[in-house]
Protein chains: 2
Amino acid sequence: MTKATRQAGGSAPALSVDKIVEHALELAEREGPGALTMRRLGSRLGVDATAVYRHFRDKDELVLALGDRTIARAHASLVDLGEHDDWRHVLRRIAEANWEQCQAYPAVYSLMFARVTGGPGERSMVELIMSTLAKLGLSQEKTALLYRLFVDTVLSLCGMNATARTLPPDILEKDTTAWSRVYAVLPHEGYPAIRGHADALVSVTGEQIYRASVESTIAYIAAQV
Amino acid sequence: MTKATRQAGGSAPALSVDKIVEHALELAEREGPGALTMRRLGSRLGVDATAVYRHFRDKDELVLALGDRTIARAHASLVDLGEHDDWRHVLRRIAEANWEQCQAYPAVYSLMFARVTGGPGERSMVELIMSTLAKLGLSQEKTALLYRLFVDTVLSLCGMNATARTLPPDILEKDTTAWSRVYAVLPHEGYPAIRGHADALVSVTGEQIYRASVESTIAYIAAQV
DNA sequence: ACCTGAACACCGTTCAAGT
DNA sequence: ACCTGAACACCGTTCAAGT
């Protein structure tokens, strides 16, 4: 018997934080970040839109809760990492876990990649990264800068990728076909370098770019040690 | 006498693409990306909101026009670059020009950093970067990847920075004080690495991070040559 | 050709009211 | 305690109408 069922009316509450988060996540990922509205969420949950305000101060708190949940999942996938793993291996695993979450929940990443959730998921992830970099024995200032370099690289690339992938269908189409529509047919005069690389440019994947960026950052950190 | 004044009615049109873009830019930068609505833009221009639809298919076309304008400005600030400048110098200047535009027009960057404008500003910038990297004599595939690595690094970091800086005032306050509110007061037990670097973390600037990221990318490219 | 204004189908959030 | 429903102040966009 839950706390709720013991209350005055006797009937269980229709909503809970977990239930709201779960449905919000599904709505955002199935129909895009723009479809995550309080009204649509309410109708999905079978309640009035304003009922959600009993459990979250406002929409922003809900978005941060979704964000912290995905970071918590990324962190949970890293439980096998130990104290004595090489820092490069740890950073690669963290970057990989974020990429996986970003591919699975692009709408959430697009909504919160530039935010601070302050939640338990984020706190665990920050501690993991900071403790990994602290082992390098650099100054506090240098350690802090390299932490931000790594985190911002991971979040900004995941965020940009997620934002691009979750644009409204008509706009997404416009952007993804831009290379073949405009860049591949530019005149050689004026745009020789673009035309000379048009084929190669369209086949570069987001994952290749992400990997290169993570390796670049790790090499940069290694050079400071 | 403009084309418009020669027309049937004789009276000059109230709107032009340039006038709309200029006022939209001012509105977005003064009051944030969320304030850029067709209705508010219309009232600023002294016309009905729907009058803008004579000059732009929809709001997205307007946003892309704003975006291409800022890229064009970044490109215009690089006219002194020549054929024989060192590629590292050229990439640093391009990164710097984007950072300057992003600081001056964060609302625009937040709206379009993950987009493809396909416009003249973007085309010039793409050609400049591609031609710079083409001189390294790498394969088409490698050149294309390094192009995307550089561009995505610049745009994603500028975009994240711009997005964070242009959040609505109450949310911005919440995010910027998160470090002192939650991270600086975390218990040592459980969060030793965070607490050990709390002071250093708050003093890292976005510009430091950006510079480090650009240098990291340049070093990574240099290692491929 | 260019702009207006009503209309449609939406938003987030507040607040009084119900149970 | 928890949810409803009306209300307020907004959105982007379409379309017929005006000049």
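The figures here come from the full heavy-atom set of this structure, side chains too, leaving out hydrogens, waters and symmetry mates. Naming: A, B, ... by sequence-line order, numbering from 1 per chain.
Of the residues in residues 14-32 of chain B, those lying under 4.0 Å from DNA chain C by heavy-atom distance are Ala14(B), Leu15(B).
Consecutive Watson-Crick or G-U pairing (both distances under 3.5 Å) extending over three or more pairs maps onto DNA chain C as C:4-8 with D:12-16, C:12-16 with D:4-8.
Evaluation of the side chain to side chain donor-acceptor pair (under 3.5 Å) rule for Glu61(A) yields Lys174(B) as partners, not counting sequence neighbours. Under the ring-ring contact (aromatic ring centres under 6.0 Å, His included) criterion, Phe113(B) pairs with Phe113(A), not counting sequence neighbours. By the salt bridge (charged side-chain N to carboxylate O under 4.0 Å, His left out) test, Asp80(A) pairs with Arg93(A), sequence neighbours left out. Legend: residues meeting side chain to side chain contact (heavy atoms under 4.5 Å, CB included) with Asp68(A), ordered by chain and number and at least two apart, are Thr117(A), Pro120(A), Glu122(A). Among residues two or more places apart in sequence or in another chain, the side chain to side chain contact (heavy atoms under 4.5 Å, CB included) test is passed with Arg148(A) by Asp152(A), Leu201(B), Val204(B), Ile209(B). For Thr177(B), the side chain to side chain donor-acceptor pair (under 3.5 Å) partners at least two apart in sequence or on another chain are Arg181(B). Every residue two or more places apart in sequence or in another chain was checked for a side chain to side chain donor-acceptor pair (under 3.5 Å) with Asp58(B), and none qualifies. Partners of Ser216(A) under the side chain to side chain donor-acceptor pair (under 3.5 Å) rule, at least two apart in sequence or in another chain, are Ser216(B).
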Table of protein N/O atoms under 3.5 Å from nucleotides 12-18 of chain D N/O atoms:
residue : atom : partner  : partner atom : Å
dG12(D) : OP1  : Met38(B) : N            : 3.3
dG12(D) : OP1  : Lys59(B) : NZ           : 3.2
dG12(D) : OP2  : Met38(B) : N            : 2.9
dG12(D) : N7   : Arg39(B) : NE           : 3.3
dG12(D) : N7   : Arg39(B) : NH2          : 2.7
dG12(D) : O6   : Arg39(B) : NH2          : 2.2
dT13(D) : OP2  : Tyr53(B) : OH           : 2.7
dT13(D) : OP2  : Lys59(B) : N            : 3.0
dT13(D) : O5'  : Tyr53(B) : OH           : 3.3

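For residues 35-47 of chain B, the pairs satisfying side chain to side chain donor-acceptor pair (under 3.5 Å) are Glu26(B)-Arg44(B), Glu31(B)-Arg40(B), with sequence neighbours left out.
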